[in-house]
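Below: the structure, in structure tokens.
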Amino acid sequence: MADQDTPLINELEKGPWPSYVKEIKRAAKKNAAAKDLLGVQEQSFKDRITHWKHGGIVGVTGYGGGVIGRYVDMPEEFPNLEMFHTMRVNHPSGWFYTTEALRKVCDIWEKYGSGMTNFHGSTGDIILLGTSTQNLQPCFDELAENGFDLGGSGSALRTPSACVGPARCEYACIDTLDICNNLTHEFQDEMHRPRWPYKFKIKVSGCCNDGVAAIARADLSIIGTWKDTLRIDQEEVRNYVKNGFDIKGIVIDKCPTKALDWDEKKKELVLRAEDCVRCMHCINKMPKALRPGLDRGATLLIGAKAPIVKGAYLSWVLVPFMKMEPPYDEVKTLLRNIWEWWDENGRTRERVAELIERLGLKAFLKAVGIKPVPQMVYKPRANPYVFFE
Amino acid sequence: MTEGISEELKQKVLDYLGTTSKAKNRDVARAIEVDKALVDKAIAELAKEGKIEYLYLGTSYIQLKQQ
Amino acid sequence: MGKTDLGPPDYRTMLPKVIEKNYGKWKYHEILKPGVLKHVSETGDEVFTVRVGSPRLVSIDYIRDICDVADKYCDGHLRFTSRYNIELMTPKKENVEPIIAAVQKLGLPVGGTGNAISNVVHTQGWVHCHSAATDSSGLVKAIMDELYPYFISMKLPARLRVALACCINMCGAVHCSDIAIVGVHTKPPKVDNSKVTALCEIPTTLSSCPTGAIRKDPSNPKSLVVNDEKCMYCGNCYTVCPAMPLADSVGDGVAIYVGGKVSNARTAPMFSRLAIPYIPNNPPRWPEVVSAIKNIVEVYAKHAHPEERMGEWIERVGWESFFKLTGIPFTEYHIDDFTHAIDTYRTTTQFRW
Ligand code: HEM
Ligand code: HEM
Ligand code: SF4
Ligand code: SF4
Ligand code: SF4
Ligand code: SF4
């Protein structure tokens with residue numbers, strides 16, 4: 001594929017944002033499949049449709065997931081893409097790496113694959129894009145020799161992910177990395193052997209800024225919070241104000257529950273603790289002066305998903321506050337109970353939230369052994385159609 | 001993680017699989033009337049020991065390893 | 001059989017020394033300038049982070065280039081963020097400028113912090129997926145070339161998150177972004193009945209359709225027909241039945257949704273809502289999509305109060321004002337008629353003109 005053969009995608013080498021086309025071209029110098037990938041990109045730009053299709057299911061021995069089979073629909077023109085499967089490689093929690101580990105992955109992928117990757121997929125895995133069926137097993141074996149394993153796909157637990165948390169964020173109320181790592185290791189079987197109605201995701205954010213979008217994207221969202229009062233360093237508050245920070249406009253007026261006031265006489269920030277809903281806003285704006293409280297744990301929410309099929313959901317509060325200490329037995333038991341109920345009652349391709357909507361939150365709470373509390377709803381029902389037992 | 005799975009339980013799983021061509025973990029747990037979490041662990045161990053194998057037909061089944 | 005069920009590598013083996021030592025002890029942080037963070041620990045230690053934009057779809061040589069920078073200045077450690085940015089961390093302040101110089105030499109931008117437009121969360125598109133109604137990496141490149149000034153600065157009222165999914169399966173789970181771009185098919189699948197029996201399980205295919213639009217052909221039980229009136233082009237059927245492709249070079253394009261957020265700061269998380277129902281694909285640079293997005297960003301930047309996310313601004317001024325200020329026409333497509341539609345109908349006499 002010479003440069004003049006791809007006039008359309010060449011356009012995307014221009015401009016200030018780094019170009020993926022340049023990246024494919026780099027890989028194409030060393031790899032025939034990457035070279036064909038340029039061609040198929042150009043073809044799609046010309047035809048304005050995709051040129052990928054389904055095909056046989058592929059995988060590695062012992063696993064029912066972690067590999068996505070891909071096939072080009074023009075194999076005569078692009079013979080090196082006849083098979084172009086993806087491998088999902090489970091990232092270390094928080095996406096921290098040593099260069100040694102990363103170079104290892106690169107070397108393995110140079111040997112067995114196209115040399116193209118996604119760092120990372122939207123669920124969090126390292127995505128290795130493009131290899132043949134016969135290379136899957138040796139590639140996997142070599143990854144495993146070097147301490148890497150595949151992530152989830154299909155109707156299974158998907159690769160859990162976590163924000164940077166206590167590793168480099170002062171807001172983290174829970175050890176996001178340890179929780180994510182611990183749960184991922186505990187549930188390897190659930191990840192690698194799909195046996196549920198559909199996928200299930202777990203994401204862990206250290207605070208409700210929610211850097212991994214747990215509340216929008218995870219069937220079980222684990223979000224750090226605190227139960228006592230946020231901590232105020234009045235000296236530092238005064239420093240902000242002294243330096244011209246608009247405490248009234250940016251903090252006081254923006255507090256959703258009007259829990260804050262600025263006492264101009266005493267030069268003190270006043271907090272009505274019972275009104276604070278721990279939204280993080282004031283802390284975000286004055287990180288030197290304000291900090292989360294010390295009685296820390298997580299809010300567990302259930303059910304978020306993208307729109308397919310019956311519309312999108314944000315997660316619903318399930319456990320307003322749970323302490324999060326290793327070995328995290330309480331969460332693990334809860335997860336097992338949820339899965340058992342869903343597996344027993346769910347239809348094919350029905351996410352847990354859809355099942356809850358179909359059978360009712362009441363039935364779900366009963367099945368997993370959780371008592372209703374007002375924190376679960378915005379408001380109680382307005383209709384009189386109660387089924388008494 | 002896999003401690004405490006008795007040989008007796010694993011044998012029960014193998015015996016049940018001997019009576020059927022393939023089964024889901026849930027079916028096994030129900031048939032031998034043992035808690036599913038324990039059965040899951042027993043099955044994972046048996047797979048590691050190479051006594052059973054997985055079969056993926058839309059969802060995961062297990063069967064006795066074909067000799 | 002080789003090793004299985006190892007799980008991911010232990011993150012503890014991947015942490016830089018300064019992070020390991022100060023794990024859980026961070027006290028506060030500052031943004032020194034766009035793309036550069038300073039975190040200070042209770043121990044007095046400091047770590048400087050340079051956040052670097054990445055195109056995500058990259059070659060292994062790119063990863064090796066980044067590793068070279070990390071080896072030189074960051075003791076051989078680095079991390080990625082949930083939005084694909086690369087973060088190079090060092091306890092040494094004097095390393096910050098050399099890191100910036102080194103990544104800029106690789107052609108990579110530094111930014112994405114604070115009230116900026118960070119990297120675009122996105123999906124696979126025409127490089128990899130069978131259901132794509134638009135490309136992903138190409139469209140993101142075209143958009144980010146235009147929004148670049150907002151990546152390397154922090155001049156917006158609040159942070160602005162852009163995400164793109166190349167079909168309504170939404171692998172990127174874009175539905176809670178300030179601006180969400182979604183690939184849409186607008187034509188029903190074309191059934192290839194000569195392949196249905198070989199490739200598809202008929203009951204599964206029938207039940208895959210959320211609107212019940214697929215039936216067996218009464219005259220031939222081995223064939224399928226789609227009721228075009230009922231089809232909402234979701235592609236569910238194609239995912240289970242490869243003989244029902246719905247890609248269409250004329251009908252495919254993108255829709256733009258706005259005003260979503262995931263953070264709980266100030267207001268509860270919100271869904272993104274429909275602003276522009278359809279813009280046809282126009283590769284390689286999708287100029288109509290890019291200028292529509294730029295317009296929305298600029299109107300937001302001009303009218304929102306400080307600290308107001310897109311959705312918070314729109315809720316304050318009302319959707320009627322959003323359509324007026326952006327000049328985007330409001331059409332019948334904007335009125336919801338799906339599962340939770342009624343919640344969106346106005347039940348008050350309060351509104352603006
Ligand atoms: C064969 C075509 C497809 C390709 C190439 C594809 C690719 C991907 C990739 C690479 C990821 C990220 C995975 C990771 O990081 O582990 C992903 C995530 C996802 N996919 Fe797909 N996918 C495809 C089909 C689908 C379908 C059919 C659906 C829905 C029915 C779907 C829904 C999702 C969702 C919701 C996510 C997760 C987003 C999140 O974590 O927030 N995808 N997909
Ligand atoms: C309104 C407040 C905030 C919102 C809505 C928010 C949202 C987000 C989002 C969407 C990301 C992904 C960004 C990316 O990868 O480029 C993110 C990442 C991150 N945010 Fe925030 N954030 C907020 C406040 C903060 C503050 C004040 C800090 C500083 C301590 C912070 C620290 C981080 C870090 C360290 C990441 C990278 C996390 C990761 O990818 O693992 N966030 N945040
Ligand atoms: S979600 Fe909270 S704890 Fe996690 S990185 Fe973001 S601000 Fe920090
Ligand atoms: S955390 Fe939110 S609710 Fe609580 S005082 Fe601060 S701004 Fe108000
Ligand atoms: S969003 Fe749709 S087209 Fe894009 S990768 Fe996901 S399933 Fe494929
Ligand atoms: S595209 Fe969706 S709505 Fe249309 S026939 Fe297929 S499954 Fe049904």
Test item: C/Trp286 and C/Ile143 side chains (from C-beta on) under 4.5 Å apart, heavy atoms: no
Name of the residue among A/Trp95, A/Phe96, A/Tyr97 meeting ring pair (Phe, Tyr, Trp, His ring centres under 6.0 Å) with C/Phe80: A/Tyr97
For [X], is it the side chain, the backbone, both, or neither that has a heavy atom closer than 4.5 Å to a heavy atom of chain C?
X: A/Asp107; result: both
X: A/Glu11; result: both
X: A/Leu37; result: side chain
X: A/Glu142; result: neither
X: A/Ala213; result: both
X: A/Lys46; result: neither
X: A/Lys14; result: both
X: A/His91; result: backbone
X: A/Ile215; result: side chain
X: A/Asn146; result: neither

Side chain, backbone, both or neither of C/Tyr238 within contact of chain A (heavy atoms, under 4.5 Å): both
Under 4.5 Å from any heavy atom of chain A - which part of C/Thr49: side chain
Aromatic plane relationship, C/His128 with A/Trp52 - under 30° parallel, 30 to 60° tilted, over 60° perpendicular: tilted
Parallel, tilted or perpendicular, as decided by the 30° and 60° cut-offs, for the rings of C/Phe271 and C/His175: tilted
Lys/Arg-Asp/Glu bridge criterion (N-O < 4.0 Å) met for C/Asp71, C/Arg64: no
Sidechain N-carboxylate O distance under 4.0 Å for C/Lys25, C/Glu42: no
Options A/Pro256, A/Cys106, A/Gly130, A/Cys282, ranked by heavy-atom pairs under 4.5 Å with chain C, top entry: A/Cys106
Pairs of heavy atoms under 4.5 Å with chain C: top-ranked of A/Leu129, A/Ile223, A/Val89: A/Leu129
Donor-acceptor pair, side chain of C/Asp145 and main chain of A/Trp17, under 3.5 angstrom: yes
Leading residue by heavy atom contact count with chain A [cutoff under 4.5 Å; candidates C/Lys27, C/Met270, C/His77]: C/Lys27
Thiol sulfurs of C/Cys200 and C/Cys241 closer than 2.5 Å: yes
